[in-house]
Amino acid sequence: MDTLKIVGNPLPDMPWEDRPEGNDNIMWRFSGNPVIPADLLPNSNSIFNSAVVPFKDGYAGVFRCDDTNIRMTLHVGFSKDAIHWDIHPETLEFDCDIPEVKEWVYGYDPRVCKIGDKYYVTWCNGYHGPTIGVAWTEDFETFHQMENAFLPFNRNGVMFPRKIHGNFAMLSRPSDNGHTPFGDIFYSESPDLEFWGRHRHVMSPAPFEKSAWQCTKIGAGPIPIETSEGWLLIYHGVINTCNGFRYSFGSALLDLDDPWKVLARSGTYLLAPSALYERTGDVPNVCFPCAALHDPETKRIAVYYGCADTVTGLAFGYIDEIIEFTKKNNIL
Ligand code: BMA
């Protein structure tokens with residue numbers, strides 16, 4: 001994989017720990033997990049399923065904080081090292097001149113995608129049920145909310161970090177108004193971030209007998225990473241067990257030009273609930289990735305994922321190894 005090219009700005013100081021001795025897993029957990037505790041804010045019940053990006057000489061993020069009323073809200077945070085976070089206790093308020101969209105109901109599971117000088121936030125936005133909210137910021141102070149991307153019900157809106165076919169591009173996961181016992185990943189394009197179309201099917205849950213951890217529903221996780229082997233997509237997969245849903249995450253490679261064409265998809269998961277903070281919490285057995293930092297030179301990746309809908313975890317790996325693993329365990 002010496003010829004592998006990874007797109008992205010250098011990030012030599014991103015959070016990192018070497019693979020622990022004796023650990024031969026493709027991804028391994030940060031020894032300081034949970035990297036963000038549930039009670040970081042005075043009135044937070046849980047902080048999880050959150051998005052971080054490099055910003056200025058440090059990092060910024062949009063965090064899902066459920067408060068002690070269990071209201072699902074978004075909060076802005078900043079960090080020098082992407083490990084110690086200063087999350088603002090007041091909720092993120094969007095500037096919005098569209099009265100029908102402006103009313104805040106709830107918001108959760110944010111993703112943040114940088115394109116040019118703008119950071120686009122997509123999240124699961126309450127509008128007669130969950131759909132995909134879209135906003136942009138340049139400074140993480142003022143956020144401009146645009147039209148919702150899709151009709152309800154939809155979740156897991158994840159943008160691509162550059163235009164494709166001259167359009168903005170987003171993955172999403174049409175759903176129902178509840179806990180959705182189904183779900184495929186779709187791809188859509190938009191010339192202006194307002195009108196979305198050219199919808200394409202990307203992936204269905206895997207057949208049970210091939211890869212059971214992802215047999216009930218799947219949804220895109222962090223912003224896809226562009227490489228010479230295709231877009232590296234890390235996504236969550238769910239199995240419905242007699243104890244409820246269990247969320248793990250795995251990887252796929254999507255065609256660079258037509259990302260709805262899946263080149264490879266791993267049957268083996270990258271990470272599944274096994275640490276105590278992933279197995280126990282408000283919703284047990286959940287690893288839910290929403291963001292990743294990466295450094296093209298060292299090929300390092302750090303994935304931020306919600307653990308048991310309660311805290312935020314961090315896991316490390318090498319992009320070249322993840323790509324190799326995806327191809328080796330391909331179930332297509
Ligand atoms: C999904 C979303 C996520 C959550 C997961 C597990 O439907 O609501 O926010 O982490 O369920 O509860």
Side-chain angles (χ1 to χ4, degrees), residues 33-38 44-52 61-67 69-75 91-92 105-112 121-133 150 152-158 171-186 205 213-222 234-250 269-275 277-292 303-315:
N33 269 358
V35 62
I36 301 171
S44 55
N45 169 82
S46 40
I47 306 180
F48 58 109
N49 300 4
S50 298
V52 312
V62 177
F63 296 85
R64 170 176 178 175
C65 303
D66 292 4
D67 70 10
N69 287 21
I70 314 294
R71 287 176 295 208
M72 300 183 283
T73 58
L74 302 178
H75 292 243
T91 58
L92 194 169
V105 182
Y106 55 76
Y108 59 91
D109 299 358
R111 273 58 164 200
V112 179
V121 186
T122 53
W123 71 98
C124 188
N125 190 33
Y127 180 76
H128 304 275
T131 184
I132 308 300
F150 306 115
F153 309 107
N154 206 321
R155 293 186 173 97
N156 300 301
V158 176
L171 299 170
S172 74
R173 213 284 308 284
S175 64
D176 68 14
N177 199 14
H179 297 301
T180 316
F182 60 86
D184 294 25
I185 299 175
F186 286 81
W213 63 268
Q214 51 176 327
C215 70
T216 300
K217 55 178 169 174
I218 54 174
I234 293 181
Y235 65 98
H236 68 256
V238 178
I239 179 171
N240 195 6
T241 73
C242 49
N243 258 334
F245 290 152
R246 178 179 190 258
Y247 284 70
S248 311
F249 60 87
Y269 57 67
L270 284 171
L271 202 104
S274 75
Y277 52 86
E278 297 161 350
R279 286 196 196 270
T280 65
D282 285 0
V283 182
N285 300 314
V286 178
C287 293
F288 195 97
C290 286
V303 173
Y304 290 77
Y305 64 104
C307 307
D309 284 13
T310 304
V311 296
T312 305
L314 184 54

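As the structure is a prediction and not an experimental result, all values here were calculated from the model. Whatever order the structure lists ligands and atoms in, that order sets their numbers, starting from 1.
A donor-acceptor contact shorter than 3.5 Å links the side chain of T122 to the backbone of G157. Between the S50 side chain and the R64 main chain, a donor and an acceptor come within less than 3.5 Å of each other. In this structure a side-chain-to-backbone donor-acceptor pair under 3.5 Å is missing from N69 to R71. Within the 3.5 Å criterion, the main-chain N or O of T180 finds no donor-acceptor partner in the side chain of R155.
Among protein heavy atoms, atom 1 (C) of ligand 1 sits closest to Y247 OH, 3.2 Å. The single protein non-hydrogen atom nearest to atom 12 (O) of ligand 1 is D309 OD2, 2.7 Å, given as residue, atom name and distance.
With a 4.0 Å cut-off on non-hydrogen atoms, N49 touches ligand 1 through its side chain and not its backbone. Under 4.0 angstrom from ligand 1, the non-hydrogen atoms of R64 all belong to its side chain.
Y269 and W213 have perpendicular rings, their planes meeting at more than 60° on a 0 to 90° scale where under 30° would count as parallel.
Listed by number with element, the atoms of ligand 1 under 4.0 Å from a non-hydrogen atom of Y108 are 8 (O), 9 (O).
Of the candidates N156, V286, D66, D109, the one placing a heavy atom closest to atom 9 (O) of ligand 1 is D109.
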